[in-house]
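Input: a single structure, listed below in C-alpha cells.
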Amino acid sequence: MSEETLGLSTLAVHAGYEPDPATGARQVPIYQSTSYVFKDAEHAARLFNLEEVGYIYSRLTNPTVNALAARVAALEGGAGAVCCSSGHAAQIMALFPLMGPGCNVVASSRLYGGTITQFSQTIRRFGWSATFVDTDDLDAVKAAINENTRAIFCETIANPGGYVTDLDAMAKIADEAGLPLIVDNTTATPYLCRPIEHGATLVVHSATKYMTGNGTVTGGVVVDSGKFDWSASDKFPSLAAPEPAYHGLNFHSALGPMAFTFHSIAVGLRDLGMTMNPQGAHYTLMGIETLCLRMERHIQNAKAVAEWLEADPRVDGVTYAGLPSSPSYERAQRIVPKGAGALFTVAVKGGYDSCVKLVDSLKLFSHVANLGDTRSLIIHPASTTHRQLEEEQQIKAGAAPNVVRISIGIEDFKDIISDLDQGLAAATA
Ligand SMILES: *Cc1c(COP(=O)(O)O)cnc(C)c1O
C-alpha cells in the first residue's frame, strides 16, 4: 500500500499507523507514557544526535501523537507534520523556525479574529511583526514584502465572511520573493482543499474544528510540504545554518525535506513546549476517521441552508462562496471545487436587535464561540467576538452589526431549516 495512490477516505482511516507489533492492537493505542526506555547508552546518544529516529520524552514525540501527525501529513500531501496543543500554538510553531527579532510576516487582513490579535499584538513580544494586506490586491501583497519578510500567511476559506483566497496567486508571489507561503486550512480541511497542491509550503490547522469535528479537544497541526529550499538564501539560518540551539546542527543539510519537521520537534517543542497530549491526539484521530463523510454532509447542508436563507424575505444577504451571488463563487470553483465549506454570515432584516433575538430564539443551534462541530452553531459577532471594535472595523471584518455567523452541522437538513424558520419569525416579528 503506497500512501501516494490511496484516496483521502482511505488515508483518513489508515495513514500513519500499522497494527502495534507488540500487541496487534488494531486501533491506535493511547500511549500514556512520558518517557521511553533506551536500549543502551549508545542508543540514547544516537537518538539525541538525531542519527536514529525514536522516542525520548513526550514533550518531543509520543507514538499516539506521531500517528496523528503522520495521518494529517498524508491527508495534506506533506513530507512531515508536527502536532501542537491548539491551532494558535500551531501558528507560533509554524513561524518559529522562520522568524527572528526584526522579522515580519505578510498576512491577509481576512483572518480568524484570534489570529489577528496574535499577529498584531502578541508576536511583537518576540520582536516579530505582521503586515496586514488585502490578498485580492496582488500589488499590495508584493509591496508589503521587504527584506525582513520571512513568510506570507493566509486562510483557504476565511471566516466569518466565507471569503476564498486565491492560493495560486499567493504562492506565485511567495515563490518570486523566495518566501514560504503558510496557509491556515482549518475551515476547508484537506477534504475540500489541499493547499500544497496550490503551492503552499506549510499548512496549519486548528484540529479543534472540523478535524476532530465534535467539539471535544483543542489541537493544532503544522504540515510541511518538504519542498521549500531553505538554503536558497541566508534568510532562514535556524534551518539552513548551524543551529546554536541544537549543538550547531544544520537541519537542512542533515535532514533535507524533513528539516522543518525535525526542527519543530527538536527545538520548537523542546523549548516552547506547546505539545499535544496523547489523549487529545486520540480524540482527533477518532474524528479524522469520519472527516470525509462529515465534510460531505457539512457542505451539502450548508449549500441547502444558504440557498434557503438567500431566498427568504427576512434575510438581507448571505455570504456563502457556494452561491453564484458571492464574489468568491468563481474562485471557489478552482480552490474548493467540492464545496465552499459550511461557515458563512447571514444579514438579518432589523439589524442588531433582530440578530440578538434570532440567537436567543434558536433551539437546535447552539450559541457558542466555536465552529466546525457536528452540531449547528451560531454567534452574533458584533455583540461578542467583535464587540470591542468600532462599527466601521466590524463592517471591514465582515462582522457588521446586522450579521450572524453560522456553522452548519451534520443534522438533518429539514431540522436546521425549521429551527432557522422559527427563529427568524421570532426575530423579525
Ligand atoms: C479556531 C481557529 C484558530 C485557532 O485555533 P485554536 O485551536 O482555537 O487555538 C485558527 N484559525 C482558524 C481559522 C480557526 O478557526
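Whatever order the structure lists them in is the order used to number ligands and atoms, beginning at 1. Numbers here simply count residues along the sequence, with the first being 1.
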* Validate the cation-pi geometry between K357 and Y352: distance from NZ or CZ to the six-membered ring centre under 6.0 Å, angle to the ring axis within 45°. => no
* To do: Would you verify whether the NZ or CZ of K338 falls within 45 degrees of the ring axis of Y191 while also being under 6.0 Å from that six-membered ring's centre?
  =>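 Yes, cation above the ring, under 6.0 Å and within 45°.
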* **Intermediate values then yes/no, side-chain hydrogen bond (donor to acceptor under 3.5 Å, both in side chains), T135 and T165** => CA-CA 7 Å; T135 47; T165 307; 4.6 Å; no
Let me have the donor-acceptor pairs involving side chains of residues 119-133, under 3.5 Å, with sequence neighbours excluded, atom names and distances please.
unit_1, atom_1, unit_2, atom_2, d
S120, OG, I116, O, 2.7
R124, NE, S120, O, 2.9
R124, NH2, S120, O, 3.0

* **Contacts of type side chain to side chain contact (heavy atoms under 4.5 Å, CB included), residue D168, not counting sequence neighbours** => D166, H198, R334, I335
* Asked: Does D353 have any side chain to side chain contact (heavy atoms under 4.5 Å, CB included) partners at least two apart in sequence or in another chain, and if so, which?
  ->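 With neighbours one apart ignored, the set is empty.
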I'd like the atom pairs linking ligand 1 to the protein - N or O on both sides, separation under 3.5 Å - with distances to 0.1 Å.
unit_1, atom_1, unit_2, atom_2, d
ligand 1, 5 (O), S206, OG, 3.0
ligand 1, 7 (O), G87, N, 2.8
ligand 1, 7 (O), S206, OG, 2.8
ligand 1, 7 (O), T208, OG1, 2.6
ligand 1, 9 (O), G87, N, 3.1
ligand 1, 9 (O), H88, N, 2.9
ligand 1, 11 (N), D184, OD2, 2.7
ligand 1, 15 (O), K209, NZ, 2.7

